[in-house]
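Worksheet: one structure, shown below.
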Amino acid sequence: MADEKYQTLDLAMNEVFDWSEDKTPLRDALWNHYMDESNKNTASTLAHLKAYKTMSDKEIKAEAEKVLK
């Protein structure tokens with residue numbers, strides 16, 4: 001269900017991952033990561049985050065863990 005996917009993105013990092021103590025929402029942590037990775041290129045960051053809209057909850061968690069851990 002789409003609402004659940006977006007809910008996952010709005011949860012704090014420490015609620016999504018047992019290895020994190022960060023209280024930043026997952027969506028914001030991903031935004032910050034991709035902004036840093038792209039040298040503050042908003043268009044590139046938006047392209048990365050758009051991909052999360054097509055992912056299942058499990059895929060979101062797995063992909064976010066790859067880039068944030």
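Because the structure is predicted, anything quoted here is derived from the model rather than measured.
- Annotation: the span from Glu63 atom CD to Ser56 atom OG amounts to 11.0 Å, rounded to 0.5 Å.
- More than 12 non-hydrogen atoms from other residues, nucleotides or ligands lie less than 6.0 angstrom from CG of Asp36.
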Take Arg27 and Tyr52 through the side-chain contact (heavy atoms from CB on, under 4.5 Å) test and state the conclusion after the steps.
-> CA-CA 10 Å; Arg27 178 188 314 274; Tyr52 286 86; over 6 Å; no
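- Screening Asn41, Val67, Thr42 for a side chain to side chain contact (heavy atoms under 4.5 Å, CB included) with Tyr34, the sole residue that qualifies is Val67.
- Here the closest non-hydrogen pair linking Glu65 and Trp19 is OE2-NE1, 2.7 Å.
- The side-chain heavy atoms of His33 and Thr45, taken from C-beta on, include no pair separated by under 4.5 Å.
- Two residues are said to be in side-chain contact when any heavy atoms from C-beta on lie closer than 4.5 Å; Val16 and Ile60 fail this criterion.
- Taken from NZ in Lys53 to CG in Leu9, the straight-line distance is 10.0 Å, to the nearest 0.5 Å.
- Put simply, the side chain of Leu30 reaches to within 4.5 Å of the side chain of Leu26, judged on heavy atoms.
- Here the closest heavy-atom approach between residue Met13 and residue Ser20 is recorded as CB-OG, 3.4 Å.
- For the pair Thr24 and Trp31, the minimum side-chain heavy-atom distance is 4.5 Å or more.
- Leu46 has its side chain out of reach of Lys50: every pair of non-hydrogen atoms, C-beta onward, lies at least 4.5 Å apart.
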